[in-house]
Amino acid sequence: MAMYAMLRRASSSMLPQLARRATSSSSSRTFKNVLSVLHREATITVVPSLRFANAFATKTGADNSLVQVLQSEIQCALEDDHQHQVDIPNDFPFEIEDKPGERTIQLKRQFGDETIKVHVDIPNVAPEDEDDENDEKNESESSIPLVVSVFKGNGVSLEFGLTAFPDEISIDSLSIKQSEESEDQLSYEGPEFIDLDENLQKAFHKYLEIRGIKPSTTNFLQEYMFAKDQKEYLMWLKNLKNFIEK
């Protein structure tokens with residue numbers, strides 16, 4: 001507002017002089033020429049304020065330092081990414097849907113009249129346990145959580161909650177899901193899986209095995225998800241660096 005007032009005062013003081021100069025000149029300058037001169041004067045006055053505004057857009061030293069640290073971390077992540085390349089086995093029974101930027105992948109296959117879908121999450125690495133007697137540390141054990149859904153034509157599905165360890169699969173939960181079931185409904189989901197009869201537990205493990213959910217499958221998925229975790233971390237670092245640099 002102050003700048004605008006200054007321009008108005010400058011224009012008011014200059015207008016009579018320029019108008020008189022225009023009428024008395026033998027070159028027959030028009031009033032339009034006078035306005036053009038005023039426009040040039042106003043433009044010259046505004047330029048310093050634009051330079052002043054641009055000074056605030058300059059990156060700080062802390063920003064530049066952060067970019068350098070991010071670049072260093074990106075280089076380390078690139079080296080790790082090259083070491084975690086995983087090839088999908090030819091006999092892997094599922095199609096893999098892996099969307100960049102998401103922490104989970106989805107597997108899908110047909111088994112007879114059934115559609116089997118599996119959601120696989122990023123691996124969990126258990127903290128090392130300390131033995132109080134001999135103060136020795138055991139090797140940490142990784143695991144991946146999975147949700148296996150077996151669909152049939154009627155829209156009803158059988159859903160398993162699993163935790164896959166190296167060479168071992170643990171069934172944590174088992175439930176029937178209705179296609180029109182509301183999230184607000186509290187359906188009875190049966191007892192804890194570990195409380196089922198041992199023979200029934202073994203039968204469900206076999207049920208999953210013949211549908212492709214077996215240690216050879218989950219061991220590969222552990223490697224695949226470790227590699228995905230590394231790729232997502234690398235992309236996350238690059239996105240951070242690009243944001244800071246803008």
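Just so it is clear, the structure is predicted and the values come from calculations on it, not from any experiment. The chain is numbered in sequence order, starting from 1.
- Going from atom OG1 of Thr60 over to atom CG of Asp63 covers 3.5 Å, rounded to the nearest 0.5 Å.
- The closest side-chain heavy-atom distance from Ile105 to Glu97 is not below 4.5 Å.
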### Message
Between Ser142 and Gln222, is the side chain to side chain contact (heavy atoms under 4.5 Å, CB included) condition met? List the steps.
### Response
CA-CA 8 Å; Ser142 63; Gln222 286 232 15; 2.8 Å; yes
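- With a 4.5 Å cut-off on side-chain heavy atoms, Gln71 and Lys241 count as touching.
- Between the side chain of Arg109 and the main chain of Arg211, a donor-acceptor pair closer than 3.5 Å is present.
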### Task
Any chance you could lay out the side chain to side chain contact (heavy atoms under 4.5 Å, CB included) test for Asp121 and Ile144, step after step, and finish with the verdict?
CA-CA 6 Å; Asp121 205 344; Ile144 51 173; over 6 Å; no
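- Side-chain N or O atoms of Gln178 include none that pairs as donor or acceptor with a backbone N or O of Val156 at under 3.5 Å.
- A 4.5 Å side-chain heavy-atom check between Phe92 and Thr217 finds at least one atom pair inside the cut-off.
- Ile169 approaches Pro215 most closely through the heavy-atom pair CD1-N, 3.8 Å.
- In terms of modelled atom types and a separation under 3.5 Å, the side chain of Asn219 and the main chain of Asp167 share a donor-acceptor contact.
- Two residues are said to be in side-chain contact when any heavy atoms from C-beta on lie closer than 4.5 Å; Pro100 and Met235 fail this criterion.
- Ring-plane geometry between Tyr207 and Phe204 is classed as perpendicular, the angle between the planes exceeding 60 degrees on a 0 to 90 degree scale with a lower cut at 30.
- Pairing each heavy atom of Glu232 with each of Glu102, the nearest pair is OE2-O, 3.7 Å.
- The side-chain contact (heavy atoms from CB on, under 4.5 Å) test with Val120 singles out one residue from Leu162, Leu221, Ile96, and that residue is Leu221.
- Within a 6.0 Å sphere centred on CG of Asp87, heavy atoms belonging to other residues, nucleotides or ligands number 12 at most.
- The distance from atom CG of Leu200 to atom CG of Asp195, rounded to the nearest 0.5 Å, is 12.0 Å.
- Lys152 contributes no side-chain N or O that, together with a main-chain N or O of Leu158, makes up a donor-acceptor pair within less than 3.5 Å.
- Note that NZ of Lys117 is 12.0 Å distant from CD of Glu159, once rounded to the nearest 0.5 Å.
- With a 4.5 Å cut-off on side-chain heavy atoms, Ile213 and Phe94 count as touching.
- Of the candidates Leu146, Val147, Thr218, Val150, Val118 forms a side-chain contact (heavy atoms from CB on, under 4.5 Å) with just one, namely Leu146.
- Counting heavy atoms of neighbouring residues, nucleotides and ligands inside a 6.0 Å radius, atom CD of Glu198 does not exceed 12 of them.
- Heavy atoms of other residues, nucleotides or ligands lying less than 6.0 angstrom from NZ of Lys231 number more than 12.
- Using a distance-only test at 3.5 Å, with no hydrogens or angles considered, a donor-acceptor pair links the side chain of Gln201 to the main chain of Ile194.
- In this structure a side-chain-to-backbone donor-acceptor pair under 3.5 Å is missing from Asp229 to Met225.
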